[in-house]
Protein chains: 2
Amino acid sequence: MTKSEIIEPFLKRLRVSTDIVEEDERAISSLPIVARQVANGEAIASIGDRPSACCLVIDGFVLRSKIVGTGQRQILAFHQAGDVPDLQSLFLHVMDHDVSALGNCVLGFIPHGPLRDLIKHRPNIAQALWRDTLTDAAVFREWICNIGQRDATSRVAHLVLELYTRLKAIGRTDGLAFSFPATQALFADAIGTSVVHMNRVVQELRSRRLLDFDRGRISILDEAGLREAADFDALYLHLDPSL
Amino acid sequence: MTKSEIIEPFLKRLRVSTDIVEEDERAISSLPIVARQVANGEAIASIGDRPSACCLVIDGFVLRSKIVGTGQRQILAFHQAGDVPDLQSLFLHVMDHDVSALGNCVLGFIPHGPLRDLIKHRPNIAQALWRDTLTDAAVFREWICNIGQRDATSRVAHLVLELYTRLKAIGRTDGLAFSFPATQALFADAIGTSVVHMNRVVQELRSRRLLDFDRGRISILDEAGLREAADFDALYLHLDPSL
DNA sequence: CGCTTCATTGAAACGTTTCAACGCTAGTGG
DNA sequence: CCACTAGCGTTGAAACGTTTCAATGAAGCG
């Protein structure tokens with residue numbers, strides 16, 4: 001994998017959110033990034049760790065999660081190509097949650113030192129990265145609404161639309177479908193329900209012809225109907241930075 | 001209210017998270033902040049707005065919330081003296097949620113322009129503010145866990161301990177009690193339950209001698225017991241920036 | 001082939017919501 | 001000073017959404 005393949009999703013994302021100049025791109029190109037294939041479920045950073053590098057998703061998906069006192073796991077976020085899920089470790093030195101691979105993926109590791117230098121000397125990039133962590137927070141807020149106020153069916157519909165919308169923005173959808181290597185159990189951990197109930201919800205959404213789950217592939221059958229069921233409004237994703 | 005009284009909670013917070021030099025403090029002191037008394041429930045920024053100033057909490061509390069499709073309100077965060085609840089509006093131009101006063105409070109309004117200049121020229125302050133938005137996100141993540149995985153009793157206990165711990169850090173607790181002008185209905189909107197159930201939970205916590213609610217005042221009766229019931233670990237608040 | 005993982009099912013138990021009603025308290029105006 | 005009002009806290013009972021447990025089927029893998 002060449003250096004330009006490694007940083008391409010990252011650059012793409014930065015370009016949409018800020019006016020990156022040639023010098024910025026050069027600075028990013030000279031970052032010492034080590035790319036690595038990571039297997040499904042492998043830990044990238046764990047609660048209590050003090051990472052010395054950030055992880056850039058190059059291909060595949062990464063999830064963030066936390067184990068609560070009862071031993072149950074809550075999934076906090078899903079990350080796709082171009083995301084830096086643990087950018088916070090630059091400023092919050094101790095991890096307060098876990099980061100792990102969702103399916104097999106390719107990750108790039110950027111040491112904190114050079115990343116800090118980049119932020120210091122390239123204000124455009126600093127701003128784009130700060131903005132990124134803020135949209136992250138906006139997604140967390142929407143998840144709080146989703147889990148706190150909507151019933152399980154809407155929650156699943158909402159999450160599917162979120163994933164679809166974000167993947168579409170980076171051109172990784174296939175019509176109204178996209179590949180996402182998650183089991184129903186994993187989805188259940190994300191929306192805060194039991195696996196059994198998650199399964200019943202999936203069946204309901206299928207029978208209402210809104211969407212379909214099939215071994216790592218999610219297909220939207222009726223986008224308008226799903227939006228309606230999900231109470232979905234993409235505003236919170238802040239995909240258009242000019243707004 | 002003098003200028004130094006206005007910026008004192010803000011400076012206090014910045015001092016703990018970064019090495020602020022005298023020049024930084026001078027730059028903050030010369031910010032054009034307009035302080036204003038704001039009444040309970042008054043809107044500070046609403047979804048869809050494009051604010052041109054950020055709001056600094058000087059005294060009292062501010063809440064962030066969002067109305068979902070069913071008309072129900074989910075509270076997303078509570079903010080106290082020294083917080084800038086809508087700092088994100090500097091980079092995410094359209095508000096994706098509402099900000100309003102919780103009880104009567106004193107707020108300072110800082111125009112985006114001077115704030116942006118401050119960030120540009122004072123990297124220490126920029127970093128401290130970035131860090132602040134990151135701890136905000138850490139709190140959102142914990143709320144996702146709280147609402148997603150814990151039962152209503154633990155949720156309430158957890159939220160009370162969060163408020164207590166944060167207020168204690170800025171010296172605004174009174175032994176094991178603190179004043180917090182929230183009704184049970186408001187708490188219910190924060191933890192995602194009905195008012196009726198919230199009330200039953202409060203009664204349970206009272207009868208277990210863990211805490212007491214009384215007209216705007218929350219008293220912890222048994223801190224260890226409450227921690228146990230809440231599954232609370234303050235790590236996610238990142239109160240010690242040296243860690 | 002057997003093993004494991006994932007999806008599916010039924011039935012009972014549980015936590016929570018809903019609705020409707022009532023009591024308390026503080027504030028307001030006659 | 002009292003009656004009235006509005007907001008908040010409290011209660012009971014029935015309905016609802018969801019969990020739990022335990023079991024079964026289907027698919028993928030060494």
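What you see is a predicted model; the values in this text were computed from it and never measured. Proteins get letters first, then strands, A, B, ... in listed order; numbering begins at 1 in each.
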List the protein contact pattern of nucleotides 23-30 of chain D with one symbol per nucleotide (5' to 3'): B for base contact, S for sugar-phosphate-only contact, - for none; contact means a heavy-atom distance under 4.0 Å. -----S--
Rounded to whole Å, how long is the line connecting atom [atom1] of [X] with atom [atom2] of [N]?
{"X": "A:Asp212", "N": "C:dA7", "atom1": "CG", "atom2": "P", "value": "12 Å"}
{"X": "A:Leu186", "N": "C:dT5", "atom1": "CG", "atom2": "C1'", "value": "14 Å"}
{"X": "B:Phe213", "N": "C:dT25", "atom1": "CZ", "atom2": "P", "value": "19 Å"}
{"X": "A:Asn40", "N": "C:dC6", "atom1": "CG", "atom2": "C1'", "value": "13 Å"}
{"X": "A:Gln184", "N": "C:dC6", "atom1": "CD", "atom2": "C1'", "value": "8 Å"}

Return the polar atom pairs (N/O with N/O) between nucleotides 16-20 of chain D and the protein under 3.5 Å, or none.
| residue | atom | partner | partner atom | Å |
| --- | --- | --- | --- | --- |
| D:dT18 | OP1 | A:Ala152 | N | 3.2 |
| D:dT18 | OP2 | A:His197 | NE2 | 3.0 |
| D:dT18 | O5' | A:His197 | NE2 | 3.4 |
| D:dT19 | OP1 | A:Ser194 | N | 3.4 |
| D:dT19 | OP2 | A:Ser194 | N | 3.0 |
| D:dT19 | OP2 | A:Ser194 | OG | 3.0 |
| D:dT20 | O4 | A:Arg200 | NH2 | 3.1 |

Using 4.0 Å as the upper bound for N to carboxylate O, is an ion pair formed by [Y] and [X]?
{"X": "A:Arg13", "Y": "A:Asp83", "result": "yes"}
{"X": "B:Asp189", "Y": "B:Arg73", "result": "yes"}
{"X": "B:Arg200", "Y": "B:Glu204", "result": "no"}

Applying the ring-ring contact (aromatic ring centres under 6.0 Å, His included) test to A:Phe78, which of A:Phe178, A:Phe140, A:Phe180 qualifies? A:Phe180
Please collect all salt bridge (Lys or Arg N to Asp or Glu O under 4.0 Å) contacts where either partner lies in residues 175-186 of chain B, sequence neighbours excluded, each pair once. none
If you look only at pairs with a residue in residues 144-154 of chain A, which of them pass as a salt bridge (Lys or Arg N to Asp or Glu O under 4.0 Å), with sequence neighbours excluded? A:Glu142-A:Arg150, A:Arg150-A:Asp231
Positive for side chain to side chain contact (heavy atoms under 4.5 Å, CB included) with A:Ile220, one of A:Thr173, A:Asp212, A:Leu210, A:Leu161: A:Leu161
Presence of [X] side-chain N/O under 4.0 Å of [N] phosphate oxygens OP1/OP2:
{"X": "B:Asn199", "N": "D:dT10", "result": "yes"}
{"X": "B:Arg206", "N": "D:dT10", "result": "yes"}
{"X": "A:Gln203", "N": "C:dT9", "result": "yes"}

Exactly one of B:Asp98, B:Asp136, B:Asp86 clears side-chain hydrogen bond (donor to acceptor under 3.5 Å, both in side chains) with B:Arg64, and that residue is B:Asp136
For A:Arg209, does the CZ atom sit with more than 12 other heavy atoms under 6.0 Å from it, leaving out its own atoms? no
Atom NZ of A:Lys168 with >12 non-hydrogen neighbours under 6.0 angstrom: no
To the nearest 10°, give me the bend of the helix from C:dG2-D:dC29 to C:dG30-D:dC1, comparing the axes of its five terminal pairs at either end. 30°
Can you pull out every side chain to side chain donor-acceptor pair (under 3.5 Å) where at least one residue sits in residues 39-55 of chain B? Sequence neighbours excluded, please. B:Arg36-B:Glu42
